[in-house]
Every structure is written in structure tokens, then in C-alpha cells.
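The block underneath contains the structure these notes are about, expressed in C-alpha cells.
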Amino acid sequence: MVSAESRAGILPLHMDANPIVLDDAAGDVVVVVVEGEHDIYTAPTLRERLDEAIGRGGGIVVDLTGATFVDSSVLGALLDARRRALEAGQGFVVCVGAAVEPGVQRILDITGLVPVLPVVNGRDAAIETARSGNGAGG
Amino acid sequence: MSTLPDVRLTLPARPEGVAVVRQALAGMADALAFDAAVVADMKMAISEACTNVVVHAYDEEDGVLEVEMSADETGLTIRVRDHGSGIRPRGERRGEAPALGLGLPLIAALSDSYELTGTAGRGTEVKMKFVYVREGDPVEENPVPGTVGDDGRWDPDASRGTPAS
């Protein structure tokens, strides 16, 4: 038996390896770029970034192309943001790249959220969909 | 394979510990003959189990998150344990955002078998088994129920029909 005691509270967790940044190059649609592994530890940061994106008033795209792992804490943050965006008449779209990490694809598939969020392929297509205000007004 | 040690981790039940457990599991799984898809399922299931401990197990004080991983000739058994007050579904702690309640359904869907034991006041243990050779996708036996309701919130009792027009 190997025992390891880890003092997780002081471990140097590499936040920089799991960045969440806003890209507003598309103008009226802000892209929340999520990279690396995300779980209950980084979900509060994701919620902050999503709040900021919604606050800008335009469409929102969440780009998971560079994400390698997302759990149900992340899905909770995405669904809350989606609900608020659509209530405010703002488009909300999630996008992935051509090759999706199993740590991202699997949870989206088995929760049936691909058509709901929705999840589309490619940032450009997502921006166009979000710009058209998908889902807004029913 | 028979020389592979059991691994036991004891951590504070805090959010930052979940990634540590996931990395330890990835290291252990690397030494075993698992498909990448099964490793991905393990990482998701162990994350959800640890998250349940972090969010639900303890009221005020920092408690302990215990994880044990033990390989045998058929696969890997993972135990995630707390010494808290028992599972309280969808409880809120310290003002955190409410969870979707997807933790246990995901564990059931992704593991080849699982068992939940524990009683109020004596802690909870989730035991999950992942086998080297799967006969099918465990999701088909234990699909995750629920979908997003008309109010935009996750509804575990809603059925996934065709999307509303």
C-alpha cells in the first residue's frame, strides 16, 4: 500500500494551464475561450467570465476547442449562462473543434446537451449562430 | 500487473483537490491496459465522486476526502470516501452555485459497476469498478436521465423527446 498525503490547499495548481479568456475580435459576439481541464475548482472563474460576456450585451460563444476535460460543474455554469443569455435575448452557442477530447465529448453526448446548448463545430459557425440570436424569443 | 501497488490518497475535501485525484488516477491508469475511452470515463466518474464529497459531505469544517485505487486481473476498483453527514442531494454549501445533481447518474453511466454505501452521520463511500475488457458501453445500461426544461434549468425527471419547434 502506498500512502500519499497531499496538502491540496497549498499545491501550486497551474491555473495558467487552464485559462479562460474573453476574445471580442468578432465585435458583437464575445467568445469565451476555455482551455485545459475544468471542474469544480475552476467553475467559479468560468462563471465570472460568462457573467462578463453576458454583460457586454451581444451574443456569447463558449469555445471548448482547447478544453481537455469538463465535468458537471462546468455544465452547470454553461446552462446557467445560457438561460440568462436567452432570457436577455442574447445568442448563446458552444463550439468544439474538429477533434474533440473524450473528456469533453463524452459528457456532452451522454447528457444529451449537444442539441440543447447547442454545440456546433467551429468557432466561425458558432459566432454566426450566436449573432443571429439563436433561441431568443423561443 | 500483479506487482502494481494499491494507491491511497487522503486530501482535504476542497475543490482544488479534485484535479490532484484525477492526475493520480491518470498515472495509475497509464500503467494498466485500459483503452483511452475507459480512462476518460474513469477520470469523469472519479471527478464527480470527489466533487460530491467536496460539495455535499461536510457542513462547516474542512473534512477529509479519501480515495483508494486497487487493480486486479479484471480491472481497477476505485473507492471515494468521506466521513461526513451522508449524501444530501443538491444541497448548497458556502453559497456555491447549486449542483445539477448529475454526479451519481454520471458515475452510474460511466462505470462498469458501482455501489453506494453509507448512512447519515457515518460518511459515504462510492465504489466503482472499471474493467479492462468491456462487453458494451455502460451508458446503454444506465443512461443519464433528464434534460433541460422549458425554464432553461436541468430537470432530472424530464424526458428527452424531439426538440420543441
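Quick note on labels: first sequence line is chain A, next is B, and so on, each numbered from 1. This structure is a prediction, so every number in the text was calculated from the model and none was measured.
- Residues of residues 96-103 of chain A lying within less than 4.5 angstrom of chain B, judged on heavy atoms, are A:P102, A:G103 in numerical order.
- With a threshold of 4.5 angstrom between heavy atoms, A:L75 approaches chain B through its backbone and through its side chain.
- Partners of A:R56 by side chain to side chain contact (heavy atoms under 4.5 Å, CB included), not counting sequence neighbours, listed by chain and number: A:L22, A:D24, A:V30, A:E52.
- Contacts of B:D151 with chain A are made by backbone atoms alone, with heavy-atom separations under 4.5 Å and no side-chain atom involved.
- Atoms CG and CZ, on A:D80 and B:R153 in that order, are 7.0 Å from each other to the nearest 0.5 Å.
- Pairs engaging residues 107-122 of chain A under the side-chain hydrogen bond (donor to acceptor under 3.5 Å, both in side chains) rule: A:Q105-A:D109 [sequence neighbours left out].
- Within 6.0 Å of atom CD in B:E141, 12 or fewer heavy atoms from other residues, nucleotides or ligands are found, so the atom counts as exposed in its surroundings.
- For chain B, the option among A:L113, A:V70, A:V116, A:I107 with the highest count of heavy-atom pairs below 4.5 Å is A:I107.
- Residues B:V64 and B:L9 share a single hydrophobic cluster, defined by chaining ILVMFWY side chains whose heavy atoms lie under 4.5 Å apart.
- Using a 4.5 Å heavy-atom cutoff, the side chains of A:R106 and B:M44 are not in contact.
- Taking 4.5 Å as the limit, every side-chain heavy atom of B:V148 sits out of range of all side-chain heavy atoms of A:R83.
- For B:E140, no part lies near chain A; criterion is any non-hydrogen pair under 4.5 Å.
- Summarising the geometry of A:F69 relative to B:S47, their closest heavy-atom pair is CZ-OG, 3.3 Å, with the distance given to 0.1 Å.
- Both the backbone and the side chain of A:D71 come within contact range of chain B, each with at least one heavy atom under 4.5 Å from a heavy atom of that chain.
- In terms of hydrophobic clustering, with Ile, Leu, Val, Met, Phe, Trp and Tyr side chains grouped at heavy-atom distances under 4.5 Å, B:V131 and B:V139 are assigned to different clusters.
- Residues that satisfy the salt bridge (charged side-chain N to carboxylate O under 4.0 Å, His left out) test with B:E48, not counting sequence neighbours, are absent from this structure.
- Here the closest heavy-atom approach between residue B:L100 and residue A:S72 is recorded as CD1-O, 3.9 Å.
- Listed here is the closest heavy atom pair of A:I110 and B:A109: CD1-CB, 4.3 Å.
- Counting heavy atoms of neighbouring residues, nucleotides and ligands inside a 6.0 Å radius, atom OH of B:Y114 does not exceed 12 of them.
- There is no contact between B:N142 and chain A, counting heavy-atom distances below 4.5 Å.
- Of the listed residues B:V18, B:D41, B:V39, B:L65, the one with more heavy-atom pairs under 4.5 angstrom with chain A than any other is B:D41.
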